[in-house]
Each structure stands twice: as structure tokens, then as C-alpha cells.
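Following: one structure in C-alpha cells, then a few remarks.
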Amino acid sequence: MKRIAFFCLAIILAVQYFPAMSQEEDTNHTSGWNHNLVISSYIFSDDFFIIPVYQINKGWIHLEARYYYEDENTYSAWFGYNFSGGKNFEYNITPMVGGIVGNTDGIAPGLELDFLFYGFEFYSESEYIFDFDGKEEYFYYNWTDFTYSPLDWLWFGVSIQRTKLYDTDLEIQRGLLLGGGYRWFGLSGYLYNIGWDEPYGIIILTVSIPE
């Protein structure tokens, strides 16, 4: 835990002293620090756990800290580069690299994608873990949502994910989602594996604070 905390602090302190980008370099980015906290509550018939994720964005800089995301009692810290823009078709593409410590120790390249087009949104986050315990422990993780927003505060859609946090008979989990938001807050509910395996739910609270 101390190693991850030190790593996160070092990144934050370093980017505070990066030279400011010119207006031409920062055309598609905001100039302030944007904070995003995501708390995911996984609900099973015989288990329950919470995954917190904290993200910071400033211009092209993307920082992220996670707990319990890649594995139980495991921490990860990430540094990424934001590519964003568009008007009718908006996009945000963030390649990243992360360090992982805990039950799983390793490094991982990652990618976050977010595309919006007239109420439709495609969001995906993926990573490939190079586990220090050996190649047999390497793992590809993915979470993907495809949603439609008939109103600014309401969205619904479908979701898939691949994870090693828990075991089911399915390699890829499949689900439905419904969510809503107000100002800085968003709340989404997911229901996975109905008709394929024992169903389980996820409730995700998002708090987004722009500067």
C-alpha cells in the first residue's frame, strides 16, 4: 500500500510542475484539474465487495488510482495521455500504463475509449496484466458499455466485462444497465448473467467535480 501511495504522490507532484501548454496545444482540453470518483458495489447472493477508482484529468494528463479492481486486496496506479475532441461526434482516447501491487503484482498497458454521437455512447476500458508470477498468470481485462440517453439525465443500455475478481461459468459477463444523473452525481445499476448463470448486480456511484 505504501508503494502505491508513494507512486501516486510522485505522479501528482511531477505533473504540478510540468510546463504549461500553449493555447494551440490545448485546444481540445480543459485547463483545470477535473476529479472523478467512481465507487462500484458488487452484489452477489453470497458475497459483497466495493471497488473505488479515483481519476484526475488536466489537459492531456490522466492519473488514476484503483483498489480491488484487478484482484482482491490489490492496488494499482496509472498514468495516461488524453486525446479528445469532436463536436457532433465526440471522442476521448486514453492510452495508459499502470503498476499493480498486492495479491497480484505486475505492470499493465491499458486503454480507455469514450465515443458519443447524438445520445449514443460507447465506453470501454481494457488492460493486459503482465503478472510477475509468470506467464500463466497474464490476464486480459475488459469492461464495455453501450448506452443511449433519451434525456440528459437518463441512460440505459447493455454491458459486458471480463475479469478474474470472481469465478462464474462464463468467461465474459453480459448485462443490462440503467442510470441517471444530476449535476456532479451519477448512479447506475447493472444486472448481469440473467438466463446464462447465477445473476449478480452492480451499483455504481460517480462523483465528477470539474475545476
Side-chain angles (χ1 to χ4, degrees), residues 4 7-40 51-67 69-70 75-100 106-130 138-149 152 155 157-163 177 179 181 184-186 188 204 206-211:
I4 276 291
F7 184 51
C8 293
L9 180 60
I11 291 176
I12 292 172
L13 290 176
V15 298
Q16 290 281 7
Y17 292 97
F18 279 5
M21 293 185 299
S22 67
Q23 290 184 348
E24 291 77 15
E25 291 174 316
D26 199 30
T27 301
N28 293 319
H29 300 292
T30 59
S31 59
W33 291 96
N34 297 307
H35 301 263
N36 192 46
L37 176 64
V38 181
I39 301 176
S40 303
I51 301 176
V53 175
Y54 180 54
Q55 302 169 329
I56 303 175
N57 291 281
K58 179 180 173 62
W60 62 266
I61 300 167
H62 177 87
L63 307 176
E64 193 164 330
R66 304 170 178 174
Y67 174 63
Y69 190 95
E70 287 79 17
Y75 302 83
S76 64
W78 298 79
F79 177 82
Y81 193 108
N82 292 317
F83 298 92
S84 61
K87 187 175 180 181
N88 294 328
F89 175 76
E90 299 178 38
Y91 65 87
N92 193 77
I93 302 171
T94 307
M96 308 185 299
V97 63
I100 303 167
I107 58 173
L111 180 66
E112 294 184 355
L113 303 172
D114 195 13
F115 302 127
L116 297 96
F117 183 72
Y118 289 107
F120 291 94
E121 181 172 8
F122 175 86
Y123 175 80
S124 181
E125 55 188 62
S126 57
E127 63 185 89
Y128 191 85
I129 299 173
F130 293 92
Y138 289 4
F139 190 80
Y140 172 73
Y141 174 89
N142 179 265
W143 174 302
T144 298
D145 291 344
F146 181 71
T147 58
Y148 176 67
S149 299
D152 290 341
W155 56 86
V158 295
S159 177
I160 62 171
Q161 65 169 315
R162 186 174 190 266
T163 180
L177 71 96
W184 296 349
F185 301 94
S188 296
I204 298 180
T206 302
V207 183
S208 300
I209 305 176
E211 184 173 315

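A donor-acceptor pair under 3.5 Å links the side-chain atoms of Asn82 to the main chain of Ile61, judged by distance alone.
For Tyr128 and Phe139, the gap between ring centers reaches or exceeds 6.0 Å.
Put simply, OG1 on Thr163 and OH on Tyr140 are 12.5 Å apart, with the number rounded to the nearest 0.5 Å. Note: Ile100 CD1 to Trp78 CH2 = 5.5 Å, rounded to the nearest 0.5 Å. Taking OG of Ser126 as the start and CG of Leu111 as the end, the distance is 5.0 Å to the nearest 0.5 Å. To the nearest 0.5 Å, atoms CD (Glu90) and CZ (Phe117) are separated by 11.0 Å. In this structure, the separation between CD1 on Ile56 and CG on Leu37 is 11.0 Å, given to the nearest 0.5 Å.
Heavy atoms only, all atoms of each residue included: Pro210 and Trp184 are closest at CD-NE1, 4.1 Å. What you find for Gly86 and Tyr91 is that their closest heavy atoms are N-CE2, 3.8 Å. Across Ser149 and Trp155, no two heavy atoms sit closer than the pair OG-CB, 3.4 Å. Between Ile129 and Ala108 the shortest heavy-atom distance is CA-CB, 4.0 Å. Across all non-hydrogen atoms, the minimal contact from Gln161 to Tyr141 is OE1-OH, 3.8 Å.
With His62 as reference, Asn57 is the one residue of Asn34, Thr94, Asn57 to meet the side-chain hydrogen bond (donor to acceptor under 3.5 Å, both in side chains) rule. For the side-chain hydrogen bond (donor to acceptor under 3.5 Å, both in side chains) criterion with Ser76, the lone passing option out of Arg66, Glu70, Glu64 is Glu70.
Atom CG of Asp152 is surrounded by 12 or fewer heavy atoms from other residues, nucleotides or ligands within 6.0 Å.
With no hydrogens or angles considered, no side-chain donor-acceptor pair links Thr206 and Asn36 at under 3.5 Å.
The shortest distance between side-chain heavy atoms of Tyr54 and His35 falls below 4.5 Å. The shortest distance between side-chain heavy atoms of Ser84 and Trp60 does not fall below 4.5 Å.
A search for side chain to side chain donor-acceptor pair (under 3.5 Å) contacts involving Tyr123 returns Glu125, not counting sequence neighbours.
A tilted orientation is assigned to the rings of Phe146 and Phe122, their planes being inclined by 30° to 60°. Note on ring orientation: taking the six-membered ring where Trp is involved, the planes of Phe89 and Phe115 are parallel (angle under 30°, cut-offs 30° and 60°).
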- Message: Between Tyr67 and Ile51, is the side chain to side chain contact (heavy atoms under 4.5 Å, CB included) condition met? List the steps.
- Response: CA-CA 6 Å; Tyr67 174 63; Ile51 301 176; over 6 Å; no

